[in-house]
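Here the structure is a predicted model, which is why all the values come from computation and not from measurement. For the single chain, residues carry numbers from 1 onward in sequence order. Just so you know, ligand 1 is whichever comes first in the structure, and atom 1 is the first atom listed for that ligand.
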Amino acid sequence: MTKLKIAVQKSGRLQEKTVALLKECGLSFNNGPNRLKADAHNFPAEILYLRDDDIPQYVQDGVADVGIVGENVFVEKRKDIDLIERLDFAKCRLSIAVAKSIDYESTDFLQGRKIATSYPVIVQKFLDDNGVSAEIHEISGSVEIAPGIGLADAICDIVSTGSTLLGNGLKEVETVMKSEAILVSGKNLGSDKQQILDQLIFRIKSVKAAKNNKYLLLNAPNESIETITKVMPGMKSPTVTPLQEPGWSSLHSVVNEDDFWNKIDQLKSLGAQGILVVPIEKMIL
Ligand code: ATP
Ligand code: ZN
């Protein structure tokens, strides 16, 4: 039987959420720190546990058919593989940071300086785009200590909250790229594997949509139903059921997470009461 080989990070910041996503897609498999691979019991797939940096290469070579990696690693490794789907987790950015004491005004500061990073390809492109020539010093870990020990004038590293930078006496001065976890695929998987992948993508989209939407229930005076429908049109239109109390109805609909609180404010001002917000487990589009 054909199986789709899915590469996931063995341990690290992507691991837990990647495994959680695949499980939410209905794949049941064993995972543990000492495993190299695991069969899904109920889906034609095999999970391979790898270092995230190696995933693009393995996908290009066909050792794995698809993989889940940070977009930063995908861009840095420049392999002949495709970005299939953004996954809405492991959101971070690659930023340039310099010592807090530096009076940084523009990328001109970087001219002729030394920049320490684990992402030389991405940094070089950023420098080229900004017409700056600087020396890139590639190091694989603890990049943030480089300025303090005199190894570099600036760094380019992953930032999510910025607290690690602050803790090392640095400040963020340029965003080089934004990143999140993505699904990548090799070229020409063949029709059997492509079919399994399409099924997986369909499930991932349903899980993502569910996370980005909420089920909303509320009571409203009948004269507001039309206006409220415009605020929460839902997948087709809201369900409207009469309440026992004359002149009132209950409305049910799906609302997007974007702009959620603004919508709630609008609904309240239209006379909505007893508003309930319920998470959606899966949303089939
Ligand atoms: P490995 O041992 O597999 O090589 P690693 O140390 O290179 O792991 P991690 O720190 O686990 O990598 O990060 C993996 C990916 O998670 C990064 O490439 C990035 O896309 C994302 N990431 C890293 N740090 C953060 C963060 N603070 N917040 C959100 N996402 C992050
Ligand atoms: Zn890594």
Side-chain angles (χ1 to χ4, degrees), residues 5-24 29 31-38 46-61 63-79 81-97 115-126 136-146 154-185 204 207-208 211-212 257:
K5 289 176 284 179
I6 308 172
V8 309
Q9 190 188 27
K10 188 172 162 57
S11 68
R13 288 185 184 267
L14 294 167
Q15 216 275 338
E16 206 174 303
K17 286 190 172 156
T18 300
V19 167
L21 172 66
L22 293 174
K23 297 210 160 171
E24 282 171 297
F29 54 94
N31 68 301
N34 299 319
R35 290 190 160 266
L36 297 178
K37 54 185 185 172
E46 185 175 38
I47 314 299
L48 308 180
Y49 297 100
L50 299 167
R51 269 198 69 203
D52 69 335
D53 311 61
D54 297 334
I55 290 176
Q57 179 79 52
Y58 281 130
V59 171
Q60 175 180 284
D61 295 346
V63 174
D65 301 306
V66 299
I68 294 177
V69 285
E71 198 172 346
N72 51 316
V73 170
F74 167 73
V75 174
E76 179 67 26
K77 300 292 177 186
R78 287 191 298 183
K79 300 295 173 193
I81 56 178
D82 293 327
L83 192 171
I84 302 294
E85 185 77 28
R86 292 179 192 280
L87 301 176
D88 287 349
F89 66 87
K91 289 194 177 175
C92 58
R93 55 194 185 273
L94 267 183
S95 293
I96 307 252
I115 306 173
T117 186
S118 310
Y119 299 92
V121 170
I122 295 172
V123 174
Q124 188 60 60
K125 173 151 195 312
F126 175 80
I136 296 172
H137 198 83
E138 184 178 354
I139 45 180
S140 58
S142 305
V143 174
E144 65 284 352
I145 66 166
I155 64 160
C156 180
D157 204 7
I158 291 171
V159 181
S160 60
T161 61
S163 58
T164 310
L165 292 181
L166 286 179
N168 284 285
L170 303 175
K171 62 178 178 188
E172 190 176 356
V173 292
E174 303 280 351
T175 304
V176 173
M177 82 170 278
K178 289 196 169 150
S179 178
E180 65 186 286
I182 57 170
L183 178 70
V184 295
S185 149
I204 289 175
V207 170
K208 266 174 69 179
K211 288 203 172 120
N212 291 330
E257 193 78 73

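- Annotation: cation-pi pair Lys23/Phe29 present, NZ/CZ under 6.0 Å from the ring centroid and within 45° of its normal.
- When the N, O or S atoms of Asp53 are ranked by distance to the Zn ion (ligand 2), OD1 comes first.
- Considering CZ of Arg86 and OG of Ser179, their distance stands at 8.5 Å, rounded to 0.5 Å.
- One option in Gln9, Glu180, Arg13, Lys10 has a heavy atom closer to atom 23 (C) of ligand 1 than any other, and that option is Arg13.
- By the 4.0 Å heavy-atom criterion, Ser11 is counted among the residues contacting ligand 1.
- A 6.0 Å sphere centred on OH of Tyr119 holds more than 12 heavy atoms belonging to other residues, nucleotides or ligands.
- Atom 27 (N) of ligand 1 lies below 4.0 Å from at least one non-hydrogen atom of the protein.
- Considering only non-hydrogen atoms, atom 14 (C) of ligand 1 lies nearest to Asp52 out of Val69, Ile158, Asp52, Val73.
- Shortest contact from atom 29 (C) of ligand 1 to any protein heavy atom: Lys91 O, 3.3 Å.
- Salt-bridge formation is not detected for the pair Lys211/Glu257: no Lys NZ or Arg NE/NH1/NH2 atom is positioned less than 4.0 Å from an Asp or Glu carboxylate oxygen.
- Backbone and side-chain nitrogen or oxygen atoms of Glu71 are examined, and none is located within less than 3.5 angstrom of a nitrogen or oxygen of ligand 1.
- Considering CD of Glu76 and CG of Asp53, their distance stands at 9.5 Å, rounded to 0.5 Å.
- Residue-level check: among N/O/S atoms of Asp52, OD1 sits closest to the Zn ion (ligand 2).
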